[in-house]
Amino acid sequence: MLDLIREIETDLEDGWEAASRVELQTAEHTRRAVARFTRALWITLAIMLVFNSERLVTWVNGFGVGPVQDTVVALSVAWNERMLASGFTEPSLAARGKVDELRGASWAEFELRVDSERARAREGARLLRGGLGGGPG
């Protein structure tokens, strides 16, 4: 570490002040990276709360016993019940069902599905082109 400081001191004209600036820049870069990670974590938590309340309940049930943990479990169960009652869990349940269905499919079934989706896309494109007057002119 001392070699690095001496190298910085000799390479830069300002000496120790330059080393301090480098350290400050590194600290600022670290602070910004932590802030970005924290924002991403909060966004992920918000998405999980909104669209995956069932998994949230499963996750918090693994917490230990205590007054704070019991409160978190009770709140997550209440949140899940409200999400189920309002129907907000249906998109995640439908997506999870489709993924489970694809996981259980064989490669032949998967290829058949891909081919049928390609045919639907081609048919949709053909209909759009026909609607735009793509005929001979």
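Along the sequence shown, the residues carry numbers beginning at 1.
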* Asked: Between Glu109 and Ser106, is there a donor-acceptor pair closer than 3.5 Å when you use the side chain of the first and the backbone of the second?
  -> yes
* To do: Please say whether more than 12 non-hydrogen atoms of neighbouring residues, nucleotides or ligands are located less than 6.0 Å from CZ in Phe63.
  => yes
* Asked: With hydrophobic residues grouped by side-chain heavy-atom distances under 4.5 Å, do Leu102 and Val114 end up in a single group?
  -> yes
* From Thr30 atom OG1 to Gln25 atom CD, the distance as rounded to the nearest 0.5 Å -> 11.5 Å
* Asked: Taking side chain as C-beta onward, heavy atoms only, is Val73 less than 4.5 Å from Asn61?
  -> yes
* **salt bridge (Lys or Arg N to Asp or Glu O under 4.0 Å) between Arg118 and Glu111, intermediate numbers included** => CA-CA 10 Å; Arg118 281 185 188 150; Glu111 288 174 354; over 6 Å; no
* **Interatomic distance, Arg31 atom CZ to Arg36 atom CZ [nearest 0.5 angstrom]** => 10.0 Å
* Asked: Do Val77 and Val72 belong to the same hydrophobic cluster, where Ile, Leu, Val, Met, Phe, Trp and Tyr are linked whenever their side-chain heavy atoms lie under 4.5 Å apart, directly or via other members?
  -> yes
* **Pairwise side-chain contact, Leu56 with Trp59, heavy-atom cut-off 4.5 Å (strictly under)** => yes
* **From Glu81 atom CD to Ser53 atom OG, the distance as rounded to the nearest 0.5 Å** => 10.0 Å
* Taking all heavy atoms of Val60 and all of Ser76, pick out the closest pair and write down the distance. => CG2-OG, 2.9 Å
* Determine whether Arg96 and Glu54 make a side-chain contact, defined as any pair of heavy atoms from C-beta on separated by less than 4.5 Å. => yes
* To do: Please lay out, stage by stage, how Arg103 and Lys98 fare under the test side-chain contact (heavy atoms from CB on, under 4.5 Å).
  => CA-CA 9 Å; Arg103 281 183 182 164; Lys98 287 290 186 183; over 6 Å; no
* To do: Could you tell me whether Arg120 and Glu117 make a salt bridge, using a distance below 4.0 angstrom between a side-chain N and a carboxylate O?
  => yes
* Would you indicate whether the side-chain heavy atoms of Met83 and Trp79 approach each other to under 4.5 Å? => yes
* Which distance, rounded to the nearest 0.5 Å, do you find between the CG of Asn80 and the CZ of Arg55? -> 12.0 Å
